[in-house]
Protein chains: 2
Amino acid sequence: MTAKTPWKRDCIDCPLLHCEGLRPLDKDQLKFMQGFKQGEFQIEKGTQSLVQGSISPHVYTLLEGVLFRYRILEDGRRQIVNFVFPGDLIGLQGALDDPLLHGCEALTPATLCVFSRDRMVELFAEQPKLGFDLTWLAAKEEAALEEHLVSIGRRTAKERMVFLALFLIERAAATGLDKKGVFPISITQSQISDTLGLSLVHTNRTLQALRKLKLVNWTVNSISIPDVDVAREFSHYEGSGSGVRPYI
Amino acid sequence: MTAKTPWKRDCIDCPLLHCEGLRPLDKDQLKFMQGFKQGEFQIEKGTQSLVQGSISPHVYTLLEGVLFRYRILEDGRRQIVNFVFPGDLIGLQGALDDPLLHGCEALTPATLCVFSRDRMVELFAEQPKLGFDLTWLAAKEEAALEEHLVSIGRRTAKERMVFLALFLIERAAATGLDKKGVFPISITQSQISDTLGLSLVHTNRTLQALRKLKLVNWTVNSISIPDVDVAREFSHYEGSGSGVRPYI
DNA sequence: TCGCCGCGCTACCATTTGACATAGGGCTGA
DNA sequence: TCAGCCCTATGTCAAATGGTAGCGCGGCGA
């Protein structure tokens, strides 16, 4: 937990309130959350915000930035499990008293909103609608993980990579992080390979092949897709039902 | 949806009440669930209970038997996403209005308890504790999917298979489905391969190799593990924090 | 300014995994 | 009783993917 600037901004100034893809909280909910919120903290690009194996008394909502969640085996093999976008909740995965099962690293500078795990029960009791939303979020995350499972288990290397690119761009667009179909973000090839279950070398080759095929342009600091429809068909991407997401 | 015997047993007679690994509902909760429950239906081994792509107005709790959830790509490739044991909830994955993202097939004769999706909000409003449990379940399922992701993405074929065997036996034991460390269940090699992201042939070869190594004995109608500790270490299995699970 | 280090890239070769073909056993229904 | 089907098992060969090593570039700190 690399905390910085543990300061507390009012919920009325929450950047998520004006995020297009998110359904804003109503007055009552805002008021409740104001009391529920414990603070914020900011992390720099590349820092670990949650550490696998530690016992954390907190749950977080990502306010700004992009992170990824991963798991590591004792011998160092790493699997990136999913990416975290503004509005997503972190730390709810797994049972509530168990040590954290995954780590979390920042791809960009990021801000997190901190909640107490112990007080979660209050939230369900006093704001059933928010409790419902929490379940909704968990269910949605589950669906995303299933997609990735299908990808790694049954898609070829090229398909996986195109699929991932589509997935990332779509989520970026839904949170207003893209610019005209280009998602400006720095993901190393090593991170890509750990997401897709490929070796580093093979990731590199596949990446280049996709550039040549004009399917995906994945460079050091951005992702773009020349023709989304072609890419969709190529990777058997089915879209994500999208619509607005709740948060907090 | 292959319904049979759409009849309704009282919640007081719910078989889950006496399932060792599950935390039983209290009187008040039982009473509420009694009104919430819409009925039961039974399915035979091998039948599809949920169909991918259909829009289902229901959510289910598995009362008896074992199922698996899967996704299929248009070209027929199938990925089994997880296994379902008594007490698990089905149908909450994914957003609530979207078409079902996965199918569900029975490995044994099974009984499902039916709830209305629309009335879920009531549950959160009137029984916050149950709402909380629902989130807990979703979070736990998420954790399981992450495990499988790591498996498929970063473990070798042998490790994956040992891991899966451990996982299944552990869950079976937690719901009283095993017999002295042997889990009597019929899973075809084709189903195993679709779970692990391997080809059928390779699955067969790996299975035999594990038998020779005395790591896992996976036969046509049962799974057993000669030495659990050895298997754990071999597959880098970390156990699942277990403890009692809530349900409904 | 120089050297170090992380990252992308390439080449060569090893290993894992997949595809296709085929055979046998057991179950089921005509 | 026999054909047909599903499942397990085996062999051979091909393709996909991984491992190791080495090069070059650019950022960064001494």
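Per chain, numbering begins at 1; letters A, B, ... match sequence-line order.
Ion pairing between a basic and an acidic side chain is recognised when a charged N comes within 4.0 Å of a carboxylate O; Arg171(A) and Asp88(A) show such pairing. With respect to Lys214(A) and Asp227(A), no salt bridge is recorded, no charged nitrogen being found less than 4.0 Å from a carboxylate O.
Neither OP1 nor OP2 of dT8(D) sits under 4.0 Å from any side-chain N or O of Arg211(B). Remark: Gln208(A) is not in phosphate contact with dG8(C), judged by side-chain N or O atoms under 4.0 Å from OP1 or OP2. For Asn204(A), no side-chain nitrogen or oxygen approaches OP1 or OP2 of dG8(C) to under 4.0 Å.
In this structure, His202(A) places its NE2 atom 12 Å from C1' of dT17(C), rounding to the nearest Å. To the nearest angstrom, C1' of dC7(C) lies 12 Å from NZ of Lys45(A). Taking atom CD of residue Gln189(A) and atom P of nucleotide dG18(D), one finds them 14 Å apart after rounding to whole Å.
Taking a 6.0 Å sphere around CD of Glu233(B), one finds it holds 12 or fewer heavy atoms contributed by other residues, nucleotides or ligands.
Of the candidates dG18(C), dG8(C), dT8(D), dG8(C) carries the atom nearest the Val220(A) side chain, counting heavy atoms from C-beta on.
Among Tyr247(B), Phe41(B), Phe115(B), the single residue meeting the ring pair (Phe, Tyr, Trp, His ring centres under 6.0 Å) criterion with Tyr60(B) is Phe41(B).
Gly197(B) comes within contact range of the sugar-phosphate backbone alone, with a heavy-atom separation under 4.0 Å but no base atom that close.
With hydrogens and angles ignored, no donor-acceptor pair under 3.5 angstrom links the side chain of Arg205(A) to the base of dG8(C).
Between Ala157(A) and Val201(A), the residue whose closest nucleotide on DNA chain D is further toward the 5' end is Ala157(A).
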